[in-house]
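First comes the structure, then the notes that go with it.
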4 protein chains.
Amino acid sequence: MSSKPLRADARRNRDRILAAAEEVFARHGASASTEEVAAIAGVAIGTVFRHFPTKQDLLAAIVKELLARLTAEVAELASADPATALFDFVERVVEQAAEKRAVVELLAADGVRVGVADPLRGLADALGVLLSRAQQAGAVRAEIRLDEVLALLTATAQGALHGGWSEDLRRRALAVVFAGMRP
Amino acid sequence: MSSKPLRADARRNRDRILAAAEEVFARHGASASTEEVAAIAGVAIGTVFRHFPTKQDLLAAIVKELLARLTAEVAELASADPATALFDFVERVVEQAAEKRAVVELLAADGVRVGVADPLRGLADALGVLLSRAQQAGAVRAEIRLDEVLALLTATAQGALHGGWSEDLRRRALAVVFAGMRP
Amino acid sequence: MSSKPLRADARRNRDRILAAAEEVFARHGASASTEEVAAIAGVAIGTVFRHFPTKQDLLAAIVKELLARLTAEVAELASADPATALFDFVERVVEQAAEKRAVVELLAADGVRVGVADPLRGLADALGVLLSRAQQAGAVRAEIRLDEVLALLTATAQGALHGGWSEDLRRRALAVVFAGMRP
Amino acid sequence: MSSKPLRADARRNRDRILAAAEEVFARHGASASTEEVAAIAGVAIGTVFRHFPTKQDLLAAIVKELLARLTAEVAELASADPATALFDFVERVVEQAAEKRAVVELLAADGVRVGVADPLRGLADALGVLLSRAQQAGAVRAEIRLDEVLALLTATAQGALHGGWSEDLRRRALAVVFAGMRP
DNA sequence: CATGAATGAGTTTTCATTCAT
DNA sequence: CATGAATGAAAACTCATTCAT
């Protein structure tokens, strides 16, 4: 699955570039220039394109990374209180949305185009577990399905991001959604 | 309020351009090129810029138009059943979202930058009436405020738009939100 | 030589346009837009092009007008003190230079292209008279020729214009030139 | 002072572009198109903008270069005959004016806007030395100040440039000015 | 004649991507 | 592998000029 083991310095550059990309795209959205990413990563533009042959590839890479991170977070919650784990997770994701501008954009908009279907499924599966457990614990209505939860998750994440919601507004908006999920 | 009555041909072109812009921006988002708008409108690029000196102006114009349309729709619902009017309206907006890509984007993201603050307030005010009536009719919890409704409205509109929700998914997602608003 | 007698309103428009052009080109140079000229003249852009089929024609027209005005001023000085008339005239022209941006530019740069050779010769001739008289009065050295005077006139006019000379600087610079012309 | 040493090919292109720009702007004035500069330099348009991010920057660069060249020439004259060095220098500058259309324009008109204030001061200072020495040598009247000299220098340079003076005319015009500066 | 809308070539500038060093 | 210079296709915007109203 993973191609070659990469030389140490190459690996370091790749990571630097990813970090820089996350920062830049978070600030200016996906239309930020690759040149700026290179500058912040402290490498030349050619190096960016060597690691990620296309801007799309770069975007896909940081989205994948975030998805992996989120999936890991979900896994950690597998043993938490079933009645609250799902809500906690959604809360956390939406909270972080503002820091992940490009990611949220891409998650919602270009998921397919950008080729992150698989990692996305990974997150969905993990989230499915939280949902089941919440339902078994009687914290969420039985007829609610995973796709609604995902849909509302991305919708509110986007809303929070683009709408510039205040912390208070975010909390109240999510309270409505959560209330709608409870029995 | 309106400056000059415009010559017949100018009016026709202005309308054509607006229609073309709505179509183009709906398809490719706000980053679509003005040139394409001109092509579809069947006019030269200069004509677009004569009517809308800036791309921003063009975007603002179509957003304003949609806002006006929505506000009018809300007004029509003023005499409808208080218990359902608000939900009906939200449903309708989210339903149409998919056709209004750029509009939804701008509504949520660039409202201020694009200079549509006033029409936006107009819509909010009209929506506020629906909300009050729904609350008085006991269809919506009293502590729910207008900004949450607006936030959830734009969030789900964006979600539906960018996420490519199916009709079924949209209905279920909104059902959750509506349930969360009820007493 | 002059074509048709022009209707009264047409004549009025022509004059307005010329006045506006002088003002606009004086402020922004010859690259100012014809549209602005029309706006200030209070006519539509088509009217400007009806009177002056080309921007060049418009520029030429205002240059001609100024040349005529200057020539007239010279003529008035024909009976003034020979020893000072020439210097007075040069002084006055340079003084006004700042108000005549485009004119000075064109005078010096595009004289030929813009097709004002004849009026220019008219001014030169008139100036020649002042020069002769000054020389006969012993106020200017005999070997000085008309083309030098013209050259220094336009040069200092341009200098004053583009260099933004203060009144004091202009006076001192011309003092040097005049001293150089005296016996 | 100088940022990075530039790669060999980059240096070559930069020089080519500067040369092309000098040629193009000399012929068509500062309003000539950057595209033409690129064409004559034999590079793509992007290369021009990589070296000079703005048209203004390009203009400023060639002006600075000329100013530096002139300042160097003045320095060389520091040990020449005080009685003639100043006149020689002015003569030379005006002589070259015709080749430097844009430069002369900018020198006089846009000096500040184009951001060459410092190099300009450098030239002025150097010229001031020549002036002092000429005055001490009794070749120039004591009350003549540096700003007049500069003013007359740029004025005649512009005159020669835009007026298309013949060599003979230029010499005679300058003779008048020089005579005006002598005791 | 006047109006002012339409035209469209031209200008500056940006940026993803390629490739010589 | 890394560098960063070069490329060139857009994109937004301007303006002299034409022509239908």
Side-chain angles (χ1 to χ4, degrees), chain A residues 6-10 13-14 31-39 42-58, chain B residues 4 6-14 17 31-38 41-58, chain C residues 6-10 13-14 31-39 42-58, chain D residues 4 6-14 17 31-38 41-58:
Chain A
L6 276 181
R7 263 164 45 177
D9 55 344
N13 273 343
R14 206 193 118 95
S31 69
S33 86
T34 314
E35 195 92 40
E36 194 182 344
V37 172
V43 303
I45 181 71
T47 305
V48 175
F49 276 89
R50 164 167 285 270
H51 285 280
F52 308 93
T54 275
K55 197 187 179 182
Q56 286 289 320
D57 294 331
L58 178 55
Chain B
K4 293 145 219 168
L6 275 182
R7 249 162 54 179
D9 54 347
R11 167 100 242 141
R12 197 167 45 244
N13 272 341
R14 206 194 117 95
I17 291 168
S31 70
S33 88
T34 312
E35 197 99 34
E36 192 181 346
V37 172
V43 301
I45 182 70
T47 304
V48 176
F49 279 93
R50 162 171 269 266
H51 285 280
F52 307 95
T54 278
K55 196 188 181 182
Q56 286 286 318
D57 293 333
L58 180 53
Chain C
L6 277 181
R7 263 163 46 175
D9 55 344
N13 273 342
R14 206 193 118 95
S31 69
S33 87
T34 315
E35 195 91 40
E36 193 181 345
V37 172
V43 301
I45 182 71
T47 306
V48 175
F49 276 89
R50 165 166 284 270
H51 285 280
F52 307 95
T54 276
K55 196 187 182 183
Q56 285 289 320
D57 294 332
L58 178 54
Chain D
K4 293 144 220 166
L6 274 181
R7 249 163 53 180
D9 54 346
R11 168 100 243 140
R12 196 167 46 245
N13 271 342
R14 206 193 118 97
I17 291 168
S31 70
S33 88
T34 313
E35 197 100 33
E36 192 181 346
V37 172
V43 300
I45 182 69
T47 305
V48 176
F49 278 91
R50 162 171 269 267
H51 286 280
F52 307 95
T54 278
K55 195 187 181 184
Q56 286 286 319
D57 293 333
L58 179 54

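These values consider heavy atoms only, across backbone and side chains, with no hydrogens, waters or symmetry-generated copies. In what follows, chains are A, B, ... by sequence order, proteins preceding strands, each numbered from 1.
Summarising the geometry, the separation between CZ on A:Arg50 and C1' on E:dC19 is reported as 11 Å, rounded to the nearest angstrom. Protein atom CG of C:Leu58 is 15 Å distant from nucleotide atom P of F:dC15, rounded to whole Å. Going from atom CZ of B:Arg11 over to atom C1' of F:dT21 covers 17 Å, rounded to whole Å. For the pair D:Arg14 CZ and F:dG4 P, the interatomic distance rounds to 17 Å; values are reported in whole Å.
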Base-pairing string, 5' to 3', of DNA chain F - Watson-Crick or wobble, under 3.5 Å, | interstrand: .||||||||||||||||||||
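Within the structure, every side-chain polar atom (N or O) of C:Asn13 is placed at least 4.0 Å from both OP1 and OP2 of E:dC1. For C:His51 and E:dA2, the shortest distance from a side-chain N or O to OP1 or OP2 is below 4.0 Å.
In this structure, B:Leu58 and B:Ile17 have side chains that are in contact, with non-hydrogen atoms separated by less than 4.5 Å. Proximity of C:Val48 to C:Asn13: side-chain heavy atoms (C-beta onward) are nowhere separated by under 4.5 Å. Using a 4.5 Å cut-off on side-chain heavy atoms (C-beta onward), A:Phe49 and A:Thr54 make no contact.
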Are there any protein N/O atoms within less than 3.5 Å of an N/O atom in nucleotides 16-18 of chain F, and if so, which ones and at what distance?
{"unit_1": "F:dA16", "atom_1": "OP1", "unit_2": "C:Lys55", "atom_2": "NZ", "d": "3.1"}
{"unit_1": "F:dA16", "atom_1": "OP2", "unit_2": "C:Thr34", "atom_2": "N", "d": "3.0"}
{"unit_1": "F:dA16", "atom_1": "OP2", "unit_2": "C:Thr34", "atom_2": "OG1", "d": "3.2"}
{"unit_1": "F:dT17", "atom_1": "OP2", "unit_2": "C:Lys55", "atom_2": "N", "d": "3.1"}

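For the atom pair OG1 of D:Thr47 and CZ of D:Arg50, the computed distance is 8.5 Å after rounding to the nearest 0.5 Å. We find the NZ-OG1 distance between C:Lys55 and C:Thr34 to be 5.0 Å, quoted to the nearest 0.5 Å.
Residues satisfying the side chain to side chain contact (heavy atoms under 4.5 Å, CB included) test with D:Glu36, not counting sequence neighbours, are D:Val24, D:Arg27, D:His28, D:Ser33, D:Ile40. With sequence neighbours excluded, no residue forms a salt bridge (Lys or Arg N to Asp or Glu O under 4.0 Å) with C:Asp57.
Residues B:Arg12 and D:Asp9 both approach DNA chain F. Their nearest nucleotides, taken by heavy-atom distance, put D:Asp9 toward the 5′ side. Each of C:Gly42 and B:Ala44 was matched to the nucleotide of DNA chain E holding its nearest heavy atom; the match closer to the 5' end belongs to C:Gly42.
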